[in-house]
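One-based numbering along the sequence shown. Just so it is clear, the values below take in all heavy atoms, side chains as well, and ignore hydrogens, waters and symmetry mates.
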Amino acid sequence: MAKAREHFTDDGAGHERIRSIDDEVLFKVKVERWRGAVWTDEDLPWLIAAGQREDGSPDDFYSALKTTARVARAHYNASNRQALSTTTYVGHLLPGQNDRDRYRLEAGARLVRDLAAAVRELSRGSLHDGHETYAAVHITGSVPDDLVAVILHHVPGCDPAAWYPEYALPSRPLLPAEQAWSTLMARIPAPTPARADGWRT
């Protein structure tokens, strides 16, 4: 999967088609003895099948894919009034709505994780400015309200409910596509150690 992701995000990489499949356009992906079949949907690559290369064997991935796709085509034609004119059928391997929903959920989770890490790193950098820190978040471009909430929630040391919208930056007014939010970053004291009798000092 890592190889497929790497190969299909490189705009300069050439893609070799699997010629034995003619009902959909599938591309080869190779790493060591592993082989895969990739189907693209609006530039989004999906690894829909994988196996090992076995030259001259019916268990070879490409040979097996061709065989199963021809059997699937025969079953499809036997069950549907409109017969396929192609020699193969791989529709059952393509992503469905559940796969697309899961991809969107996982992409959203990755975005939140990466965004939270970036916000924490920027916040740590701002702490070098002095003993008191005035935290401000400047957002350029149109973003959903819930994404703004995610950004503000992940600034460490700040009450997520205490942010205030600003109408200007210190040096100039906001542009139409900008947002600014500000709050005071509170210093969070370290917890006091418990005494032997269970009370905290």
Step by step, work out the side-chain contact (heavy atoms from CB on, under 4.5 Å) result for Arg70 and Thr67.
CA-CA 5 Å; Arg70 289 191 169 190; Thr67 300; 6.0 Å; no
Can you find a heavy atom in the side chain of Arg53 that is under 4.5 Å from one in the side chain of Tyr62?
yes
Over all heavy atoms of both residues, which pair between Asn77 and Leu84 is shortest? Give the atoms and the distance, please.
OD1-N, 2.6 Å
Are any non-hydrogen side-chain atoms of Glu24 and Trp39 less than 4.5 angstrom apart?
yes
Please tell me if the side chains of Trp46 and Tyr103 come closer than 4.5 Å, counting only heavy atoms from C-beta onward.
yes
Indicate yes or no: at least one non-hydrogen side-chain atom of Gln179 is less than 4.5 angstrom from one of Glu166.
no
At what distance, to the nearest 0.5 angstrom, does CD of Glu6 lie from CE of Met1?
14.0 Å
Tell me if a side-chain donor or acceptor on Glu178 pairs with a main-chain N or O of Leu175 at a distance below 3.5 Å.
yes
If two hydrophobic side chains count as joined below 4.5 Å and joins carry through other members, does Val90 share a cluster with Leu47?
no
Result of checking Leu93, Ile21, Thr88, Val38 against Leu26 for side chain to side chain contact (heavy atoms under 4.5 Å, CB included):
Ile21
Euclidean distance, Leu152 CG relative to Thr183 OG1, rounded to 0.5 Å
9.0 Å
Does Glu106 CD have over 12 foreign heavy atoms under 6.0 Å away?
yes
Are Val29 and Phe61 connected into the same hydrophobic cluster when the rule is that any two of I, L, V, M, F, W, Y join if their side-chain heavy atoms are below 4.5 Å apart?
no
With Asp146 via salt bridge (Lys or Arg N to Asp or Glu O under 4.0 Å) - residues at least two apart
none
Can you tell me if Arg120 uses its side chain to pair, donor with acceptor, with the backbone of Val155 under 3.5 Å?
no
CH2 of Trp181 to CH2 of Trp163: how many Å apart, nearest 0.5 Å?
10.0 Å
Exceeds 12 heavy-atom contacts within 6.0 angstrom, atom NE2 of His75
no
For Lys66, I'd like to know if atom NZ has over 12 heavy atoms of other residues, nucleotides or ligands within 6.0 Å.
no
Can you find a pair of side-chain heavy atoms, one from Val150 and one from Leu115, that are under 4.5 Å apart?
yes
Does the side chain of Arg33 come within less than 4.5 Å of Glu54's, by heavy atoms?
yes
For the backbone of Leu65 and the side chain of Thr68, can you confirm whether one donor and one acceptor N or O come within less than 3.5 Å of each other?
yes
Testing the basics here: between Leu169 and Ala180, what is the closest heavy-atom pair and its distance to 0.1 Å?
CD2-CB, 4.1 Å
At their closest point, which heavy atom of Pro173 faces which heavy atom of Ala168, and how far apart are they?
CA-CB, 3.9 Å
Can you find a pair of side-chain heavy atoms, one from Arg100 and one from Asp41, that are under 4.5 Å apart?
yes
For the CG atom of Leu122 and the NE2 atom of His154, what is their distance to the nearest 0.5 Å?
14.0 Å
Please report the closest heavy-atom contact between Arg73 and Thr86, naming both atoms and the distance.
NE-O, 2.7 Å
Compute the ring centroids of His7 and Phe27, then answer whether they are less than 6.0 Å apart.
no
Quick one: pull up CZ in Phe8 and OG1 in Thr40 and give me the separation to the nearest 0.5 Å.
7.5 Å
So does Gly96 get a backbone contact from the side chain of Asp99, meaning a donor-acceptor N/O pair under 3.5 Å?
yes
So, Asn80 side chain and Gln82 main chain: donor-acceptor pair closer than 3.5 Å or not?
no
Between Asp22 and Thr87 (side chain of the first, backbone of the second, donor and acceptor by atom type, cut-off under 3.5 Å), is there such a pair?
yes
Over all atoms of both residues, closest heavy-atom pair of Gly36 and Ile18:
O-CD1, 4.3 Å
Exercise: identify the closest heavy-atom pair between Asp23 and Gly91:
OD2-N, 4.1 Å
Is a salt bridge present between Arg35 and Asp60, judged by a nitrogen-to-oxygen distance below 4.0 Å?
no
